[in-house]
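Residues take their numbers from the sequence shown, with the count starting at 1.
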Amino acid sequence: MSRIPFTRRARWTAASVTLLVAAIAASMLSGTGTASADQMQQTANTVSVSGTGRVSATPDVMHVDLGVQRTSRDLNAALNDANADIARISEVLGKHGVKDADIQTSQLSINQHYGPIQAVATPMSASPAEPAPSADAPTAMNTASPAVAPDDAVASPGVAVAPMPADKPVSSPGYVGPVEENGPNGYDVYETLAVSIRDLSDAGATISDAAAAGGDATRINGVSFAVDDQSKLLEQAREAAFADAKSKAEQYASLAGRSLGKVSVITENSSTDGGGVVYPMARTSMGSAVPVSPGSQDVTLTTNVTWELS
């Protein structure tokens with residue numbers, strides 16, 4: 001398929017739009033009969049454009065997902081250890097000025113895990129006892145050498161453990177030896193706090209001290225940054241977006257030999273980008289302050305505006 005040069009394609013698009021509008025108007029008049037000439041004229045005398053405003057700012061709050069993991073064969077022991085860890089971490093956070101309102105329990109989970117629980121020795125059936133030789137029976141001279149037990153045989157009362165023949169797997173009926181059984185053998189307890197640190201100058205030391213309070217059980221799932229109050233940023237982005245939309249509308253009106261009238265419709269969409277980089281850490285034990293780099297955060301707003309043309 002041949003390509004259409006950009007200038008020709010632009011003219012072709014404009015012409016197509018004009019034809020499409022004319023076709024819709026004709027359809028509304030002839031097909032349904034519900035569109036009046038005034039309505040068509042009102043639609044034809046408007047211009048709709050979108051503008052974008054983007055404002056950057058330095059984040060002023062850090063969100064940390066901080067918790068502990070404890071494992072024990074006893075559920076209550078694991079839970080009590082995790083509770084004690086969280087209590088110490090919360091105390092350290094308070095000493096660094098983190099308010100109770102900025103500390104929230106975000107996760108509590110208890111998982112049972114499975115694995116080998118013991119080694120069981122399979123008893124070997126004892127051979128029936130041989131009858132004692134009669135005193136009258138002739139005794140044969142035994143010239144055979146005494147039997148020697150294999151080095152890897154283990155003697156224990158009532159239990160005989162013998163090496164496993166190569167042709168008999170562990171699951172075979174003839175297997176005699178240690179058997180590992182799988183089953184519930186403990187519990188994992190996870191407790192996590194969602195913490196907001198507002199003093200970024202002390203954020204690194206706060207994280208380090210909190211991690212030390214939890215010890216080897218500490219887990220940090222990630223950190224992110226944000227601008228706490230975005231109202232001023234949204235105002236600035238809104239002004240920039242409207243100015244961008246108006247500039248485009250004025251250009252279109254000038255190209256059409258018209259001028260902008262009053263605004264009839266305004267809609268907007270906003271989004272926040274940046275400042276949310278996550279740094280996952282599986283296990284943490286820190287002796288120095290964590291370096292903190294908040295970077296920047298962008299607030300982007302898109303405004304859709306419709307003007308009447310005069």
Side-chain angles (χ1 to χ4, degrees), residues 1-63 200 222-279 293-310:
M1 184 176 67
S2 61
R3 290 183 172 272
I4 302 175
F6 177 79
T7 53
R8 291 177 56 196
R9 185 165 66 244
R11 290 196 297 271
W12 178 85
T13 302
S16 299
V17 171
T18 303
L19 292 175
L20 179 60
V21 172
I24 293 174
S27 175
M28 294 174 63
L29 285 175
S30 60
T32 63
T34 58
S36 64
D38 291 341
Q39 289 174 328
M40 276 198 316
Q41 184 68 19
Q42 183 179 5
T43 303
N45 287 325
T46 61
V47 57
S48 298
V49 295
S50 63
T52 302
R54 181 178 292 106
V55 180
S56 298
T58 301
D60 54 9
V61 61
M62 172 193 283
H63 300 296
L200 295 187
V223 301
S224 61
F225 296 91
V227 176
D228 191 35
D229 185 4
Q230 296 189 4
S231 58
K232 294 295 183 182
L233 297 179
L234 287 172
E235 289 179 4
Q236 297 174 18
R238 192 173 291 118
E239 292 175 359
F242 187 85
D244 183 39
K246 186 176 182 180
S247 175
K248 295 176 182 177
E250 287 175 342
Q251 182 182 10
Y252 281 122
S254 176
L255 292 172
R258 311 286 289 276
S259 60
L260 292 183
K262 60 183 180 180
V263 175
S264 59
V265 179
I266 300 178
T267 60
E268 74 171 33
N269 297 300
S270 62
S271 63
T272 302
D273 304 314
V277 180
V278 176
Y279 304 93
S293 301
S296 64
Q297 187 175 63
D298 294 336
V299 174
T300 304
L301 188 142
T302 301
T303 300
N304 303 302
V305 188
T306 299
W307 277 271
E308 294 179 1
L309 293 175
S310 58

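- In this structure, CZ on Arg54 lies 10.5 Å from CG on Asp244, to the nearest 0.5 angstrom.
- Side-chain contact check for Phe225 versus Thr58: every heavy-atom pair is 4.5 Å or farther apart.
- Atom NZ of Lys248 is surrounded by more than 12 heavy atoms from other residues, nucleotides or ligands within 6.0 Å.
- No side-chain heavy atom of Val265 sits less than 4.5 Å from a side-chain heavy atom of Asn304.
- Between Val299 and Gln236 there is no side-chain heavy-atom pair separated by less than 4.5 Å.
- At distances below 3.5 Å, not a single donor-acceptor pair connects side-chain atoms of Asn269 with backbone N or O atoms of Thr302.
- If you take OG on Ser270 and CZ on Arg238, they are separated by 8.0 Å, rounding to the nearest 0.5 Å.
- Shortest non-hydrogen contact noted between Gly295 and Pro59 is O-CD, 3.3 Å.
- Of the N and O atoms on the side chains of Thr306 and Ser264, not one donor lies less than 3.5 Å from an acceptor on the other residue.
- Residues Leu260 and Val47 form a side-chain contact, since some pair of their non-hydrogen atoms from C-beta on lies under 4.5 Å apart.
- A pairwise comparison of heavy atoms in Ala57 and Val227 identifies CB-CG2, 4.2 Å as the closest pair.
- One side chain, Asp229 or Ser231, offers a donor N or O that lies under 3.5 Å from an acceptor on the other.
- A distance of 8.5 Å separates OG of Ser224 from CE of Met62, quoted to the nearest 0.5 Å.
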Next item on the list: Walk me through it: do Asn45 and Arg258 pass the test side chain to side chain contact (heavy atoms under 4.5 Å, CB included)?
Entry: CA-CA 9 Å; Asn45 287 325; Arg258 311 286 289 276; 2.8 Å; yes
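- In this structure, the side chains of Glu268 and Thr303 come closer than 4.5 Å at one or more pairs of heavy atoms.
- Residue-environment remark: CZ (Phe242) exceeds the threshold of 12 foreign heavy atoms within 6.0 Å.
- Residues Gly53 and Ala240 come closest through the heavy atom pair CA-CB, 3.8 Å.
- When atom types are taken as modelled, the side chain of Asp60 and the backbone of Asp228 share a donor-acceptor pair closer than 3.5 angstrom.
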